[in-house]
Structure formats: C-alpha cells, structure tokens
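Structure, as structure tokens:
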2 protein chains.
Amino acid sequence: MLSQQEARKEETRTKILGAAMWAIRTKGFAATTVDDICRHAGVTKGAFFHHFPSKDSMAEAAAEFFGDFANKLFGSAPFQSEQDPFDRFMGYLEFRREILQGTTAEFTCLLGTMVQEVHLSHPDIREACQQSIWGHVETITPMVAEAKAKYAPTAVWTPESLALHVQAVLQGAFIMAKASQKPETAIESMDHLIRYVEFLFSENQENRS
Amino acid sequence: MLSQQEARKEETRTKILGAAMWAIRTKGFAATTVDDICRHAGVTKGAFFHHFPSKDSMAEAAAEFFGDFANKLFGSAPFQSEQDPFDRFMGYLEFRREILQGTTAEFTCLLGTMVQEVHLSHPDIREACQQSIWGHVETITPMVAEAKAKYAPTAVWTPESLALHVQAVLQGAFIMAKASQKPETAIESMDHLIRYVEFLFSENQENRS
DNA sequence: GGGATAACATACCGACCAGTTGGTATTTAT
DNA sequence: ATAAATACCAACTGGTCGGTATGTTATCCC
C-alpha cells in the first residue's frame with residue numbers, strides 16, 4: 001500500500017523519466033539538458049535533483065524505465081496469445097514492423113540511442129542499457145528456442161543469437177529511418193528480416209548440422 | 001598542381017577531420033568539444049575556425065570525409081577483383097565481417113553515430129550523413145543488381161533495398177557491439193546476414209514472383 | 001625584395017549548464 | 001496538536017564551451 005506521499009513521489013519520478021525519454025530520443029543524451037527535461041516534465045530543477053543525485057544516474061534509471069516500458073508493451077501485445085511458437089515469433093516480428101509509424105522519436109529505441117553515445121564515456125549508463133536490451137532479448141529467446149525445437153531442431157544457429165540479431169536489425173533500421181527521415185526505410189529492413197526468419201524455419205533450408 | 005600553401009592547408013584540414021572522426025566515434029558529436037578535436041589534431045582553436053566557420057559545418061565536412069574514406073577502403077579491397085558478381089558481393093560481406101576487430105571506435109561508423117544524435121536538431125548534418133550513407137549504398141547496389149540478374153532474376157526484393165538492409169544490419173551490429181563491448185556480438189549478426197544473402201541467391205528459395 | 005594575403009596562434013567573452021544552497025509547503029508519526 | 005521528515009521550489013555559482021578579436025608568421029606574386 002502506497003502512502004499519499006509515496007504515490008506522488010512515484011508520479012513525479014515517472015514524469016521526469018518520461019520527459020527524459022522523449023528528450024533523449026529526439027536530441028540524444030549529451031544534448032538534452034536537465035532544464036529541458038524539467039520544462040517538459042513540468043517540474044523544477046530542485047525536484048529533479050531531489051529524485052536523482054545526478055543527470056547520469058537519472059540516465060541509468062531511464063534505461064531501466066524504458067526497458068520495463070518495452071517489456072510491458074510487448075508482453076501484452078496480441079501476438080502473445082498465438083499457440084504455435086513460430087506463429088508467436090512471427091507475430092512479434094510483424095508487431096515490431098507495424099509500430100514503425102509516426103515520428104522517429106515515437107518508435108525509436110532510447111537504449112540504442114543512448115548506448116551509442118555513452119558506451120565508452122559513461123560505463124554505468126552503458127551497463128544499464130545493456131541490461132535492458134539483453135533483458136528484452138531474454139523475454140523473446142524462449143519463444144525462438146521453442147520454435148527452433150519444433151521446426152528447425154538441427155539448425156546450426158542458436159536461439160539467442162537470432163534474438164540478438166533481431167534487435168540488431170531493429171537498431172540499424174532505426175538509424176536508417178533517422179538518416180532518411182522515412183519510416184519506410186526501416187520497414188523494408190524488417191521485411192528482409194522476416195523473409196530470413198521464414199527461411200530459417202522452413203523445410204528446404206540447408207543450414208543443418 | 002598544389003602549391004606549398006594549399007598542400008599544407010589540406011594537411012591541416014585532414015588532421016582536424018581525422019581527429020574529429022576519432023573523437024566523435026568515441027564520445028558522440030555533442031560531447032566532443034572543439035578543444036578536444038584541436039588537442040588531438042595538434043592544432044589551435046584559431047586554426048580550427050580558420051578552416052571551418054562552425055563546429056556544425058565541420059561535422060558536415062567530417063561526414064563527407066568519412067564517406068570518401070570508406071569508399072576508398074572498400075573500393076580497393078581484394079574482393080573487388082572477383083569476377084562473379086555474387087562472389088564479389090559475398091566478398092564484400094565477408095570483408096565487412098573481418099574488419100570487426102579491435103576497439104569499437106576503430107570499426108564503428110561515424111555516420112550512424114552522428115546521424116542518430118543530430119537527425120532532428122541539425123538538418124544539415126543529417127543531410128550530409130544521409131548523402132554519405134546512400135553514396136556508399138550506390139557503390140554496392142550495382143554489384144547486388146548484377147548478382148540478382150544472374151542468380152535470382154525473378155525474386156521480389158530490389159537490389160537497392162538489400163544494399164540498404166546490409167547497411168542497417170551493420171549499423172545495428174555496431175550498436176550491439178558497443179552495448180556489450182564485444183565485437184563478437186556484431187560478428188554473429190553478420191553471420192546471420194551472410195546466411196540470409198546466401199539463401200536469397202540460392203535456387204531453392206520460394207520468394208519468386 | 002617587398003607588399004599582400006593566407007595560415008595560423010593567443011587571449012578572451014558571453015551564454016549555458018550541471019549541480020548547490022537555503023528555504024517553504026505538505027505529509028506523517030506521535 | 002506538534003515536531004520531524006519529506007517533497008518541492010527559486011535563485012545562485014563555478015566551470016565549460018562555441019565562437020571572436022587581435023595579433024604573428026609563413027608563403028606567394030610581381
């Protein structure tokens with residue numbers, strides 16, 4: 001049971017992290033100022049530093065926040081009710097393709113954006129980003145593993161490497177969409193990825209041990 | 001014929017752009033200061049602003065510089081002498097996998113790093129990055145088109161979309177390598193990509209019109 | 001060789017930014 | 001009811017950064 005105070009604190013914290021998420025996705029981590037975040041969140045700087053000891057540690061929290069946000073989004077998506085593991089995996093991929101709409105800041109990944117900037121200069125933030133990305137991979141690897149056991153048990157690739165590859169393609173697709181300012185560029189990459197996965201689970205492939 | 005002065009100017013300019021390339025790949029664009037670049041290039045701030053009117057316009061030049069650098073690297077790589085277009089394309093992919101070694105700053109792409117940060121805030125830099133990326137794609141699309149004409153003439157995908165997909169996978173692989181601090185993560189994605197391309201040009205695929 | 005110009009160098013400035021300080025309002029515990 | 005603690009606020013600070021103003025030196029052209 002949350003007290004009135006605790007509930008309010010949590011709300012403010014969420015407002016800050018949400019604003020940070022938006023700002024970092026549009027401008028990058030280094031270019032977003034604490035004042036930017038406060039302005040968007042509708043709080044003062046005092047509140048910000050009451051909740052987080054530094055901008056950097058807020059970024060760590062934002063990485064975790066975004067990871068939880070994403071896992072909730074995909075965890076409650078319609079494809080999860082598919083019975084067959086391959087159908088579920090394909091549903092995941094098609095769902096990820098479908099949400100490539102609107103502005104880049106809306107469908108783009110905070111973790112990829114941030115880790116790219118800070119991977120050498122801010123070890124703690126990098127670590128937090130990796131945790132969140134690999135945490136998401138852990139939620140989809142079982143699905144891939146089940147599908148593999150059923151449809152491609154002798155294939156040479158591992159379920160985890162495929163799950164990681166999916167994330168890599170998405171991250172790359174985001175960059176290409178940002179460069180071209182067209183979500184279509186990202187969608188076309190997802191089409192290639194989906195074609196690849198269909199091949200991996202089809203019967204006439206040759207990559208067996 | 002370059003005069004002594006012009007040659008020296010070009011050299012200093014190159015030193016600055018080289019230093020910028022290194023700094024931006026390790027820290028990102030916003031976090032690298034003009035002083036950083038000058039220190040690494042061994043020039044003073046006066047020299048920097050003699051060559052470039054602003055940090056932003058230097059970034060545009062750096063994007064072009066990196067694009068030329070990459071095209072020279074791949075243009076003179078051994079795989080270019082392969083006769084068969086498919087072999088040449090596979091040689092390109094394997095070459096790109098092979099150079100995924102050393103520190104992330106060494107094999108990573110300046111354009112992807114920079115465009116991610118500035119795509120909304122600095123339209124001119126974004127444009128320059130897109131030009132360089134798409135410029136590289138233009139150099140490999142003919143190779144893909146030839147290979148397709150020879151081995152997969154009726155396939156539904158276009159050569160350009162595949163060339164773009166290759167860049168997307170690489171960009172994503174870079175991000176994953178940065179997040180995990182292991183080049184192997186990127187290499188595994190390249191393995192999946194290579195397997196996909198082999199499939200596209202094999203005979204038993206089903207994606208024909 | 002000398003005047004013009006391009007290629008640097010140094011010292012500095014105003015704006016900005018992460019973080020602090022010292023306080024107030026609200027909630028909680030007794 | 002009241003004291004303690006928590007949540008929040010506004011003004012300020014020390015340092016940093018992009019850019020400039022003002023030299024100084026090397027090269028070029030005649």
Side-chain angles (χ1 to χ4, degrees), chain A residues 1-24 26-63 114 117-118 121-125, chain B residues 1-20 22-24 26-63 114 117-118 121-125 128:
Chain A
M1 186 64 188
L2 290 180
S3 71
Q4 195 176 339
Q5 209 171 71
E6 283 166 332
R8 196 169 162 195
K9 177 166 189 178
E10 192 58 31
E11 193 191 323
T12 306
R13 189 186 137 97
T14 302
K15 271 200 296 186
I16 292 173
L17 291 176
M21 212 172 97
W22 187 88
I24 296 172
T26 63
K27 305 169 62 174
F29 173 68
T32 78
T33 70
V34 172
D35 285 313
D36 276 339
I37 296 168
C38 293
R39 208 173 306 125
H40 253 94
V43 305
T44 64
K45 224 167 176 177
F48 181 98
F49 284 99
H50 175 72
H51 286 268
F52 304 100
S54 68
K55 186 191 174 189
D56 287 8
S57 84
M58 184 279 300
E60 292 176 50
M114 202 157 63
E117 276 185 80
V118 305
S121 47
H122 299 70
D124 293 342
I125 303 178
Chain B
M1 185 64 190
L2 288 180
S3 71
Q4 197 176 338
Q5 208 172 73
E6 283 166 333
R8 197 171 162 192
K9 177 165 188 177
E10 191 59 30
E11 194 192 322
T12 305
R13 188 186 137 96
T14 302
K15 272 200 296 186
I16 292 173
L17 291 176
W22 186 86
I24 296 172
T26 64
K27 305 169 59 172
F29 174 69
T32 79
T33 70
V34 173
D35 286 314
D36 276 339
I37 296 168
C38 293
R39 208 174 305 123
H40 252 94
V43 304
T44 62
K45 222 168 178 177
F48 182 98
F49 284 101
H50 177 71
H51 286 269
F52 304 101
S54 69
K55 185 192 176 190
D56 288 7
S57 84
M58 185 280 299
E60 292 176 49
M114 201 158 63
E117 276 186 79
V118 305
S121 48
H122 300 70
D124 294 342
I125 303 178

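What you see is a predicted model, and the numbers here were worked out from it, not measured in a lab. Proteins come first, then strands; the chains are lettered A, B, ... in the order of their sequence lines, and each starts at number 1.
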Integer-rounded Å distance: [N] [atom2] and [X] [atom1]:
X: B:F52; N: D:dG19; atom1: CZ; atom2: P; answer: 13 Å
X: B:I37; N: D:dG18; atom1: CD1; atom2: C1'; answer: 11 Å
X: B:M58; N: D:dC17; atom1: CE; atom2: C1'; answer: 14 Å
X: B:D35; N: D:dT20; atom1: CG; atom2: C1'; answer: 14 Å
X: B:F49; N: C:dA11; atom1: CZ; atom2: P; answer: 17 Å
X: B:R39; N: C:dT10; atom1: CZ; atom2: C1'; answer: 16 Å
X: A:I16; N: C:dA18; atom1: CD1; atom2: C1'; answer: 15 Å
X: A:K15; N: D:dA7; atom1: NZ; atom2: P; answer: 14 Å

Evaluate side chain to side chain contact (heavy atoms under 4.5 Å, CB included) for A:T12 paired with A:H50, printing each intermediate quantity in order.
CA-CA 11 Å; A:T12 306; A:H50 175 72; over 6 Å; no
Nearest 0.5 angstrom please: A:I24 CD1 to A:E117 CD, how far?
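It is 8.5 Å, given to the nearest 0.5 Å.
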From A:I37 CD1 over to A:K15 NZ, what is the distance, rounded to the nearest 0.5 angstrom?
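Reported value, rounded in 0.5 Å steps: 14.0 Å.
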On the side chain of A:K45, is there an atom forming a donor-acceptor pair with the base of C:dG19 - under 3.5 Å, no angle test?
yes
When A:T33 and A:P53 are each assigned the nearest nucleotide of DNA chain C, the 5'-most assignment goes to A:T33
Residue pairs passing the salt bridge (charged side-chain N to carboxylate O under 4.0 Å, His left out) test where at least one lies in residues 50-62 of chain A, sequence neighbours excluded
none
Closest approach of A:A31 and A:D36, non-hydrogen atoms and distance?
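It is O-OD2, 4.0 Å.
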With the side chain counted from C-beta on, respond yes when B:V43 and B:H51 share a heavy-atom pair under 4.5 Å apart, and no when they do not.
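The answer is no; the side chains never approach within 4.5 Å.
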Give me, pair by pair, the N or O atoms of the protein and of nucleotides 4-8 of chain C that are less than 3.5 Å apart, along with how far apart they are.
unit_1	atom_1	unit_2	atom_2	d
C:dA6	O3'	B:Q5	OE1	3.3
C:dA7	OP2	B:K9	NZ	3.1
C:dA7	OP2	B:H50	NE2	3.2
C:dC8	OP1	B:T12	OG1	3.4
C:dC8	OP2	B:T12	OG1	3.2
C:dC8	OP2	B:H51	NE2	3.2

